[in-house]
Number of protein chains: 2
Amino acid sequence: MPKQTFFNLSEQKRKNLLESAEMEFTRAPLFEASIANIIKTAGISRGSFYQYFEDKDDLYFYLLEDKLKKGKIYFSGLLAKHQGDLIEAVIELQNYFLLALSDEEEKQFLKNALLYTTHRVESSFTSIWDTYLDNQEFKKVGKLINRDYLNSTAEKELLHIFKMVSALAFNNLIEKTVKGLSDDEAMESFKLSMSLLKQGIYKQNN
Amino acid sequence: MPKQTFFNLSEQKRKNLLESAEMEFTRAPLFEASIANIIKTAGISRGSFYQYFEDKDDLYFYLLEDKLKKGKIYFSGLLAKHQGDLIEAVIELQNYFLLALSDEEEKQFLKNALLYTTHRVESSFTSIWDTYLDNQEFKKVGKLINRDYLNSTAEKELLHIFKMVSALAFNNLIEKTVKGLSDDEAMESFKLSMSLLKQGIYKQNN
DNA sequence: ATAATATATGACACACTGTCACATGTCAAT
DNA sequence: ATTGACATGTGACAGTGTGTCATATATTAT
């Protein structure tokens, strides 16, 4: 997390700095992006930067997680919309992310995040689900999910299903980015994953 | 790939260099590892390094992929052993990787690979399956898989199943590493994933 | 007005990368 | 054995970056 000093800054200065950072992380992936470029664009001194942030990563993950927050909020609404059908809601959420990747700048930023991803980047993405599973929020969302669809209603398995879904969703974003799939192609691939997961891949007499 | 010059080196010199590299990549993840350290340990000059490799990544992925090759070879045997039961074979392969993570040095090396992974690292891992799906090898392995177990025998879906399985396997290795799970715990988690995938998570009357 | 605290600065030491002109080794042809 | 062509080895160097620190300036509280 950025230091308090950063949050004490005037809104204008803060925005300006974040914009410069976003520019740099759009230009280059985390490990290639340079603080030097960010402070040059933002017009602040090197020393100041270190008053605001621990280091480059600190700023980066602050930005990235902020971007992903929107998705988390969105998901609750989707569950309601689809009468608690987990998979249907997940499919629409994935569609939302794929659309976000259409904006050219946004695309490059996330592409940089996905292609040169670290564990922390993956965590940032999959934490969309954690929110729903770990804390108080769970009760709310847990209720939204219609268990009638599911084979198992055990909490433990439900949590595991979330983990699987998020791994597959993350993988789908990478697949799209790497192979340069269109949104439709990526969506088709994701739907196939979800369909196989729903039905199961083995015959039921085993 | 390393340059020809590297392969022209005497075996002794090559081994020595690879060992120095492995030491460095065990000490630090890719982005923190330094060529400077590698050449100091190996006792070669900076210029020589660039005669052998394009850059740090070139050497790194040569090492990593070599390590993973063994797993690819192993998998064919496992399919035969389990009478073509894809999931059973996959479970034993995952077990093999988890055991590899028991050796302390190996563990640190792979930990560095997993935690600060890039897309290319994930590719290296999941390419274990690509081998079986893309080229001539497919026919061999495709035959080994007992389709009687599966709901769908369409090639396209089989390929997709491989992709899902590899995404979940990769995710499992990260989960183990990050949460510091024991081999048994990790295996249990992976088996649950496989079991859910086999049976499907939705009731069949939908 | 003064002290205390918070913020800003840029020079600096240190580390690393990739390159290049030059040195040395190898080996086939004469 | 000598030559020349080609392969390999070298380390100084320019360029770029990071994180720190002594010092300067601003802000706030008393």
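Source: prediction; values computed, not measured. Numbers restart at 1 for each chain; the letters A, B, ... are given by sequence-line order, proteins then strands.
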Discussion item. At a heavy-atom distance below 4.0 Å, what parts of residues 6-22 of chain A sit against DNA chain D?
Written reply: none
Discussion item. Side chains of Lys176(B) and Phe190(B), heavy atoms from C-beta outward: is any pair under 4.5 Å?
Written reply: no
Item to complete: For Thr41(B), enumerate each residue passing the side-chain contact (heavy atoms from CB on, under 4.5 Å) test, keeping only those at least two apart in sequence or located in another chain.
Response: Ser20(B), Met23(B)
Practice prompt. Starting at atom CD of Glu32(A), determine the distance to atom C1' of dT17(C), rounded to an integer number of angstrom.
Written response: 12 Å
Fill in: Glu11(B) atom CD, neighbour heavy-atom count above 12 within 6.0 Å
no
Discussion item. Would you say Thr5(A) places a side-chain N or O within less than 4.0 Å of OP1 or OP2 belonging to dT7(C)?
Written reply: yes
Item to complete: Using whole Å, report how far CG of Asp58(B) lies from C1' of dT17(C).
Response: 15 Å
Worksheet item: Under 3.5 Å, is there a donor-acceptor pair linking the side chains of Tyr60(B) and Asn112(B)?
Response: no
Taking N or O atoms only and anything under 3.5 Å, show me the protein contacts with nucleotides 20-29 of chain D, one pair per line.
none

Discussion item. Would Ile201(A) and Asn151(B) count as a side-chain contact (heavy atoms from CB on, under 4.5 Å) here? Give the steps.
Written reply: CA-CA 5 Å; Ile201(A) 63 171; Asn151(B) 267 332; 5.7 Å; no
Worksheet, complete the sentence: Per atom distances to the Ser45(A) side chain, the nearest of dA8(C), dT17(C), dT18(D) is dA8(C)
Practice prompt. Measure across Ser193(B) and His160(A) and return the closest heavy-atom pair with its distance rounded to 0.1 Å.
Written response: OG-NE2, 2.6 Å
Worksheet item: What nucleic acid atoms does Phe49(B) come within less than 4.0 Å of, heavy atoms only: base, sugar-phosphate, or nothing?
Response: nothing
Discussion item. Just to be sure I understand the rule, does Ser48(A) reach a base, reach only the sugar-phosphate, or reach nothing, if contact means heavy atoms closer than 4.0 Å?
Written reply: base
